[in-house]
Number of protein chains: 2
Amino acid sequence: MIRILLADDEHLIRGAMAALLSLEDDLEVVAQAATGAEALATARVVRPDVAVIDLQMPDLDGVSVAQSLALELPSCSTMIVTSHGRPGHLKRALAAGVRGFLPKTVSSDVLATVVRTVHTGGRYVDPALAAEAISAGDSPLTPREADVLELALEGAPIDEIARRASLSPGTVRNYLSSAVGKTGASNRHEAARFARARGWI
Amino acid sequence: MIRILLADDEHLIRGAMAALLSLEDDLEVVAQAATGAEALATARVVRPDVAVIDLQMPDLDGVSVAQSLALELPSCSTMIVTSHGRPGHLKRALAAGVRGFLPKTVSSDVLATVVRTVHTGGRYVDPALAAEAISAGDSPLTPREADVLELALEGAPIDEIARRASLSPGTVRNYLSSAVGKTGASNRHEAARFARARGWI
DNA sequence: GCGACCTCATGACATCTGTCATGGAGAACT
DNA sequence: AGTTCTCCATGACAGATGTCATGAGGTCGC
């Protein structure tokens, strides 16, 4: 019997996934959590075999949870399910030791199968997401450029970005200018959206 | 027996919700759809009592589907479920004749209860979303301002907005300036995000 | 050690944006 | 008919932004 921890902030979906997984004879949902922190706390107590975690949660995101889980509970395999599959998340997730990565558009059969796969040490990444990630390519942005561009995402003016990044406004402009060039955008806002779509920030 | 049409692009969730609803003795999921167009087509054939529709779908959004359904099948009550409850959607949905509006964070009990409520002609709006919608207030933007601000959402430069809106760049700047003032933002990108968050565009 | 790269910074310049004043056309209301 | 509003436009100006040249320090691999 594979013991599963389920984390998703949407009760409806969490409950529903639990119901589906419980239909399988060899799967058992032993715990549920509505936030990332709760998932971690519960996992420490329950020590599940597999953790199925939603990417978007109010506090910690799924990848952060996966990272902590990988350190604290190496015996627990983590897989991520998500509504909005963006390639950047996939890369981050794999780097965090996640073994399975699925969009919520898959059928419940696939979900159950992947739970079994990761439990036996295998990996599974949704083919469509994998293709997207490959086609998106690696980020051409330097770490600093990515930082600054991320702060630009919300539309803040340069002075505020400079304050938040503890940089001089001139430097911020340079990074943004470089990022705009690399993304082929016509201003930093477009560049920020583009980079976000690619999962670079 | 209440006959239900379920539309959601995420198979996992759709299947799961179907399973949950089917557990109730008086509810029956008679059809499922993965897109808005499919939902409409199916509804015409199946003529369900209640349509439970996801707000976000690849083609038509839930509100558009609801609008068409209200015209074509007055006997069918529509309710919307959504992951990201933004007040603007709620207002649009109610205007489109939607009888129930729920975030996916509710429990399955609530879902089933609301299905029954809307079927008997009642209405139900999630209290938290309703409160948010009230606090967001009505849009102070003129229709034109809203149009232009919407085009600004993607970070396009003013010239492009002007072209897309068939306006002169100067006029676009005026509208944006006015919108920035009304939203209290410090530039149009912030204003656009703000207005989007309020459901004004 | 050397070259290649990233980080951080400054200054100068052209351009883009936000703001304001102004005005005409048309619709809606009194 | 007059008032008031939105819609559209123009022009002018200050300040924000994008671009470029330049340079000093740091790290990394060879």
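Below, chains carry the letters A, B, ... as their sequence lines are ordered, and counting in each starts from 1.
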Inset, instruction - Check whether any side-chain heavy atom of A:E38 sits under 4.5 Å from a side-chain heavy atom of A:T42, and report yes or no. - result: yes
Legend entry - Distance below 4.0 Å between A:S177 side-chain N/O and D:dG18 OP1 or OP2: no
Where do N or O atoms of nucleotides 4-8 of chain D meet protein N or O atoms at under 3.5 Å, pair by pair?
{"unit_1": "D:dC7", "atom_1": "OP2", "unit_2": "B:T142", "atom_2": "OG1", "d": "2.8"}
{"unit_1": "D:dC8", "atom_1": "OP1", "unit_2": "B:R144", "atom_2": "NE", "d": "3.3"}
{"unit_1": "D:dC8", "atom_1": "OP1", "unit_2": "B:R144", "atom_2": "NH2", "d": "2.9"}
{"unit_1": "D:dC8", "atom_1": "OP2", "unit_2": "B:R144", "atom_2": "NE", "d": "2.5"}
{"unit_1": "D:dC8", "atom_1": "OP2", "unit_2": "B:Y175", "atom_2": "OH", "d": "3.3"}

Inset, instruction - Write down the distance between CG (A:N187) and P (D:dA16), rounded to a whole number of angstrom. - result: 17 Å
Inset, instruction - Output yes when a side-chain donor or acceptor of B:S68 lies under 3.5 Å from a complementary backbone atom of B:S64, and no otherwise. - result: yes
Legend entry - Rounded distance in Å - CZ (B:R173) to C1' (D:dC13): 11 Å
Inset, instruction - Figure out the CZ/P separation between A:R163 and D:dA16, and round it to whole Å. - result: 13 Å
Inset, instruction - Can you see which heavy atom on A:R44 is nearest to which on A:E72, and at what distance? - result: NE-OE1, 2.6 Å
Legend entry - Nearest-angstrom distance from the residue atom NE2 of A:H189 to P of C:dC16: 15 Å
Inset, instruction - Provide, to the nearest angstrom, the distance between the CD1 atom belonging to B:I158 and the C1' atom belonging to D:dT17. - result: 12 Å
Legend entry - Nucleotide D:dT17, atom C1' - distance to CZ of B:R188 in whole Å: 11 Å
Inset, instruction - Check the distance between D:dA16's P and A:I161's CD1 and give it to me in whole angstrom. - result: 14 Å
Legend entry - side-chain hydrogen bond (donor to acceptor under 3.5 Å, both in side chains) between A:T105 and B:E10, worked out: CA-CA 4 Å; A:T105 50; B:E10 298 174 330; over 6 Å; no
Legend entry - A:L102 and A:Y124, any side-chain heavy atoms less than 4.5 Å apart: yes
Legend entry - Counterpart residues, side-chain hydrogen bond (donor to acceptor under 3.5 Å, both in side chains), relative to B:Q56 (two or more places apart): none
Legend entry - Exam field: side chain A:T171 to backbone A:L167, donor-acceptor pair closer than 3.5 Å: no
Legend entry - Helical bend (five base pairs per end, nearest 10°) for the helix from C:dG1-D:dC30 to C:dT30-D:dA1: 40°
Inset, instruction - Kindly indicate whether the side chain of B:D49, heavy atoms from C-beta on, has any atom under 4.5 Å from the side chain of B:H119. - result: yes
Legend entry - Between C:dC16 (P) and B:L176 (CG): distance, integer Å: 16 Å
Inset, instruction - Might you confirm whether atom CZ of B:R47 has over 12 heavy atoms from other residues, nucleotides or ligands at distances under 6.0 Å? - result: no
